[in-house]
Chemist: 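What follows is a single structure, and I will ask about it in a moment.
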There are 2 protein chains.
Amino acid sequence: MRIKEVSQRFGLSQDTLRYYEKIGLIDYVTRDSQGNRDYQESDLQRLEFVCCMRDAGVSIQVLREYIELNHLGDETMEARKNLLIQERKKLLDKQAIIQASLDKLEYKIENYEKCLSTKKI
Amino acid sequence: MRIKEVSQRFGLSQDTLRYYEKIGLIDYVTRDSQGNRDYQESDLQRLEFVCCMRDAGVSIQVLREYIELNHLGDETMEARKNLLIQERKKLLDKQAIIQASLDKLEYKIENYEKCLSTKKI
DNA sequence: TATTGACTTAGAGTTAACTCTAAATGATAT
DNA sequence: ATATCATTTAGAGTTAACTCTAAGTCAATA
């Protein structure tokens, strides 16, 4: 699959896709006879994971560490698991923080609604 | 209250507090006879709100807009309400995205656990 | 054959949100 | 009286994560 289609599929710019490859967030993508990237199924799967994590706010640095551990083979399984557990913790914390923020917003919005309806009477 | 204590209370650096004031995220803080900031109750309340929103990822730009509308008085109540509703939507979307990420992480972690326990037999 | 379009590269530039630096002031502790 | 400490200011520097630029290649189309 060529870069344009991959870009559309994941909602990442072509620049970002090349950048992710340059910094090792995805492996070197094979090139076709013209020298253009030809993304394989495995690349797409990696991108799926990377996009999902990036969308949630997982840092590039952490994802690179994870990828790096992957490259080092089975010995690093425990380390990888622990890394994911850490990130899960961070995301759970973030959800709680967002929830607190939502509660505050909810309260303020209701307040505005009260004010606005009163004003109209 | 002096900047040091405010900094500790909200977990913001003194630099950040001065920066927030400079860009209008909080109003100009009154200075004492020595020219040092003396944060009032109203400043602390504003900071409480700003911090909560910033922690959840609401952008400074949006918060500045909100503050700006506040300065413009009661006429802008509807606009302020709508701005908050928009931000609520963004945060709800973000929660869903994080949940998707968490589900994926959960799956992977379980997988690692299976692999690791099998290896030990 | 000329031009259009999709791609390539290396490297520079951008943006949001801080964070740091340097020089100065005034109050407090030794 | 001197040193230390908490402040102040304007403005420069940093970081993460892109995003853009310029110059070039190749294949397809008018």
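So you know, we letter chains A, B, ... as the sequences are listed, proteins then strands, and number each from 1.
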Chemist: Walk me through it: do A:Tyr39 and A:Arg9 pass the test side chain to side chain contact (heavy atoms under 4.5 Å, CB included)?
Modeler: CA-CA 12 Å; A:Tyr39 290 82; A:Arg9 177 144 155 191; over 6 Å; no
Chemist: Nearest nucleotide by nearest heavy atom, which residue falls closer to the 5' end of DNA chain C, B:Asp15 or A:Lys4?
Modeler: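 The answer here is A:Lys4.
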Chemist: Which part of the nucleic acid does A:Arg54 contact within heavy-atom distance under 4.0 Å: base, sugar-phosphate only, or nothing?
Modeler: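 Sugar-phosphate contact only - A:Arg54 comes under 4.0 Å of backbone atoms but never of a base.
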Chemist: What are the 5'-most and 3'-most nucleotides of DNA chain D lying under 4.0 Å from any heavy atom of chain A?
Modeler: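 The contact span of chain A on DNA chain D goes from D:dA17 to D:dA27.
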Chemist: When you group the ILVMFWY residues by side-chain heavy-atom contacts below 4.5 Å and let the links chain together, are B:Ile67 and B:Ile85 in the same group?
Modeler: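 Linked within one cluster.
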Chemist: Counting just side-chain N and O atoms, does A:Gln14 come under 4.0 Å of either OP1 or OP2 of C:dC7?
Modeler: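 The answer is yes; a side-chain N or O of A:Gln14 sits under 4.0 Å from OP1 or OP2.
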Chemist: Which residues, if any, of residues 45-52 of chain B bring a heavy atom under 4.0 Å of DNA chain C?
Modeler: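 The answer is none.
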Chemist: To the nearest Å, give me how far apart CG (A:Leu17) and P (C:dT9) are.
Modeler: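 These atoms are roughly 12 Å apart.
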Chemist: Does one hydrophobic cluster hold both A:Leu102 and A:Leu92, with members joined at side-chain heavy-atom distances below 4.5 Å?
Modeler: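 Yes, one cluster joins them.
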Chemist: Please step through side chain to side chain contact (heavy atoms under 4.5 Å, CB included) for the pair A:Tyr20 and A:Arg54, ending with a clear verdict.
Modeler: CA-CA 11 Å; A:Tyr20 280 1; A:Arg54 286 293 303 128; 3.7 Å; yes
Chemist: Looking at A:Tyr66, is B:Lys108 sitting on its ring face, NZ or CZ under 6.0 Å from the six-membered ring centre and within 45 degrees of the normal?
Modeler: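 No, B:Lys108 and A:Tyr66 do not form such a contact.
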Chemist: For C:dT8, take OP1 and OP2 only and decide whether either is under 4.0 Å from a side-chain N or O of A:Arg18.
Modeler: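 Checking A:Arg18 against C:dT8: at least one side-chain N or O falls below 4.0 Å of OP1 or OP2.
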Chemist: At a heavy-atom distance below 4.0 Å, what parts of residues 20-40 of chain B sit against DNA chain C?
Modeler: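 Those residues whose heavy atoms fall under 4.0 Å from DNA chain C, taken from residues 20-40 of chain B in numerical order, are B:Tyr20, B:Gln34.
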Chemist: Would you compute the distance between atom CZ of A:Arg46 and atom CD of A:Glu21 and round it to the nearest 0.5 angstrom?
Modeler: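 A:Arg46 atom CZ to A:Glu21 atom CD measures 11.5 Å (nearest 0.5 Å).
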Chemist: A:Asn82 and A:Gln86: side-chain donor and acceptor closer than 3.5 Å?
Modeler: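 Side-chain D/A pair, A:Asn82 to A:Gln86: absent.
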